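Data block below; observations after.
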2 protein chains.
Amino acid sequence: MFEKIPKPVARRLAIYYRVLKEQSKNGAETISSSSLGRMLDLKPSQIRKDLSYFGGFGKRGTGYNVIDLMKSIEKILGIDKRWNVLIIGAGKIGRALANYPGLIQDGFTIKGIVDVSEKKIGKTIDEHLTIEDVAEMEKIIRERKIEIGVLCVPSDVAQKVLNSVIQYGIKGIVNFVPKRLKAPKDVMIEDVQISLSFKALSFRMVNSER
Amino acid sequence: MFEKIPKPVARRLAIYYRVLKEQSKNGAETISSSSLGRMLDLKPSQIRKDLSYFGGFGKRGTGYNVIDLMKSIEKILGIDKRWNVLIIGAGKIGRALANYPGLIQDGFTIKGIVDVSEKKIGKTIDEHLTIEDVAEMEKIIRERKIEIGVLCVPSDVAQKVLNSVIQYGIKGIVNFVPKRLKAPKDVMIEDVQISLSFKALSFRMVNSER
DNA sequence: TTCTAATTGTGAAATTTACCACAATGAGGT
DNA sequence: ACCTCATTGTGGTAAATTTCACAATTAGAA
Ligand SMILES: NC(=O)c1ccc[n+]([C@@H]2O[C@H](COP(=O)([O-])OP(=O)(O)OC[C@H]3O[C@@H](n4cnc5c(N)ncnc54)[C@H](O)[C@@H]3O)[C@@H](O)[C@H]2O)c1
Ligand SMILES: NC(=O)c1ccc[n+]([C@@H]2O[C@H](COP(=O)([O-])OP(=O)(O)OC[C@H]3O[C@@H](n4cnc5c(N)ncnc54)[C@H](O)[C@@H]3O)[C@@H](O)[C@H]2O)c1
């Protein structure tokens, strides 16, 4: 679609998007790369370069139109449409995500949550999502046109569960399991490794002179 | 402490650590950079280079002793000691973290969890942690020698809560709030931005030909 | 209309990070 | 003791990413 985009760019675009959304709520009409940079501790040139991979969104002398840029980033990130999401594993983290407004607001619709545990199946989360049987997963994925699976199962079953999810046609995974999973390369996996952040913090704290 | 360490290295060390722990459970005595690399989809030379910043842990011809390397990485990451952690905000994500075994196993002790909500204060999570009043936070931090705070509060109060936490002497924050927070530079903040991972996945999915 | 101030878009330089290639080393066999 | 094989540690190079610097453009004032 576009030429070669440095990998960190997509992530930063999502950060810009967050700020733009906030600013548009506050009624700002335009924003400059330098004011954005100040808010995010990034160099203005970084921001301009990032945006320039996708086209010229700004106006010289004025900056960027907040709404327009937001819309453009939505397109680039693919969140101008809604994604259908299934949460797999209704444990602590799965249930936390199930009602995370941040996701819903940004284009991800939680279409279901499944588990194996007899005790959990049938229970309702926040009065609008009912935990369903993982045995129904294939049907759920096909009927509700699930595109993204969120893996929140115990480590030792993660690969097995992933394999079936892929078999049912899912092409995108957000993986909360602290384990490197194997998948065909047309299946995108995005790892979220919370405990790595704690260790990275620890490292910085004991090496804080540098 | 050490010379100039590339920033991605600490994060990778934490990944190596995870695998080493798993391997040591499986009874492996040694591991080579190439087998580690295969498991993690990393070039062996990357792994050797990463480790070499901190010294020569391996033995030529044989590889690395799993236990020794694990211990060495623990030291480097600063998780050879236990860190005292306070969770701030007993909402969905705060409560999920409160009993995440991954953290406890890797050197982080959850010493408390606080909230403002009258309804939540006094309630017990998994029978061993009781939600306390955020008004007691200063006392808790000082008496229990809290070193790391985990921010799980709503976006609009995050900066205010952070400011007080810092005032009470905390030097490390794991921040789950999707917002760039300001802090003196001797306070380390590690951001965990779950919704960015979803957007990054979306981006990859709509641009998957590249 | 012309000038001024602000700000973008972008080649090119600088910096950071990853990768390669190979000498050095240790283990195990003969 | 010597050879062979596997594998590390690392200097040097390549690749990726960030930052700089400045011409180009726009808005608004004089
Ligand atoms: N709790 C956290 O804060 C946290 C943070 C980061 C990562 N994680 C990771 O997320 C995963 C889940 O953690 P958790 O704390 O929610 O654990 P949990 O034990 O609370 O939840 C796991 C859930 O998965 C269900 N499950 C088991 N096998 C299944 C299967 N085959 N199909 C569907 N569901 C199945 C279980 O019944 C359970 O409800 C773990 O791998 C954990 O390491 C957890
Ligand atoms: N739920 C998720 O999966 C998720 C994922 C990533 C990030 N987050 C972020 O984490 C934060 C919390 O999210 P949540 O889903 O747990 O929300 P939540 O509403 O369930 O929890 C927030 C908690 O903070 C408490 N609180 C409010 N003001 C406080 C204060 N001054 N001091 C102490 N506690 C206070 C509230 O009483 C509530 O219990 C939000 O910023 C959210 O964006 C949530």
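Values in this document were obtained by computation on a predicted structure and should not be read as measured data. Residue numbering restarts at 1 for every chain, and letters A, B, ... go by the order of the sequence lines.
Y64(A) has a side-chain polar atom (N or O) that falls below the 4.0 Å cut-off from OP1 or OP2 of dG9(C). For K59(B) and dA27(C), the shortest distance from a side-chain N or O to OP1 or OP2 is below 4.0 Å. Using a 4.0 Å cut-off, some side-chain N or O of R12(A) falls inside it from OP1 or OP2 of dT18(D). Within the structure, every side-chain polar atom (N or O) of T62(A) is placed at least 4.0 Å from both OP1 and OP2 of dA27(D).
Comparing dG11(C), dT17(C), dC22(C) against the side chain of R48(B) picks out dC22(C) as the nearest. Side-chain proximity of K43(B) to the nucleotides dT18(D), dT8(D), dC20(C) is greatest for dC20(C). Of the candidate nucleotides dT18(D), dA21(C), dT8(C), dA21(C) has the atom nearest to the side chain of S45(B).
Put simply, CD on E29(A) is 14 Å from P on dA27(D), counting in whole angstrom units. Going from atom NZ of K4(B) over to atom P of dA18(C) covers 13 Å, rounded to whole Å. Rounded to an integer number of Å, the gap from CZ of F57(A) to C1' of dT10(C) is 15 Å. One can place CG of D41(A) at 12 Å from P of dT19(D), the figure rounded to the nearest angstrom. In this structure, the NZ atom of K7(B) is 9 Å from the P atom of dT18(D), given to the nearest Å. In this entry the distance linking OH of Y53(B) with P of dT16(C) reads 12 Å, nearest Å. When the P atom of dT18(D) is taken as reference, atom CG of D50(A) falls 7 Å away, rounded to whole Å. Rounded to an integer number of Å, the gap from CZ of F54(A) to P of dT8(C) is 17 Å.
Along DNA chain D, the nucleotide nearest to S33(B) and the one nearest to Q46(A) differ in position, and the one closer to the 5' end is contacted by S33(B). Residue S34(B) is the one, among S34(B) and K49(B), whose nearest nucleotide of DNA chain D lies closer to the 5' end (criterion: closest heavy atom).
The aromatic ring centres of F57(B) and Y64(B) sit 6.0 Å or more apart.
Residue contacts for P44(B): at a heavy-atom cut-off of 4.0 Å it reaches no nucleic acid atom on any strand shown.
A salt bridge (Lys or Arg N to Asp or Glu O under 4.0 Å) with D50(A) holds for exactly one of R11(A), K43(A), R12(A); it is R12(A).
Within 6.0 Å of the NZ atom in K182(B), the count of heavy atoms belonging to other residues, nucleotides or ligands exceeds 12. With a 6.0 Å radius and a threshold of 12 heavy atoms from other residues, nucleotides or ligands, K139(A) has its NZ atom at or below the threshold. For NZ of K59(B), the number of neighbouring non-hydrogen atoms (other residues, nucleotides, ligands) closer than 6.0 Å is 12 at most.
A donor and an acceptor atom never sit less than 3.5 Å apart when one is taken from the side chain of R60(A) and the other from the base of dT7(C).
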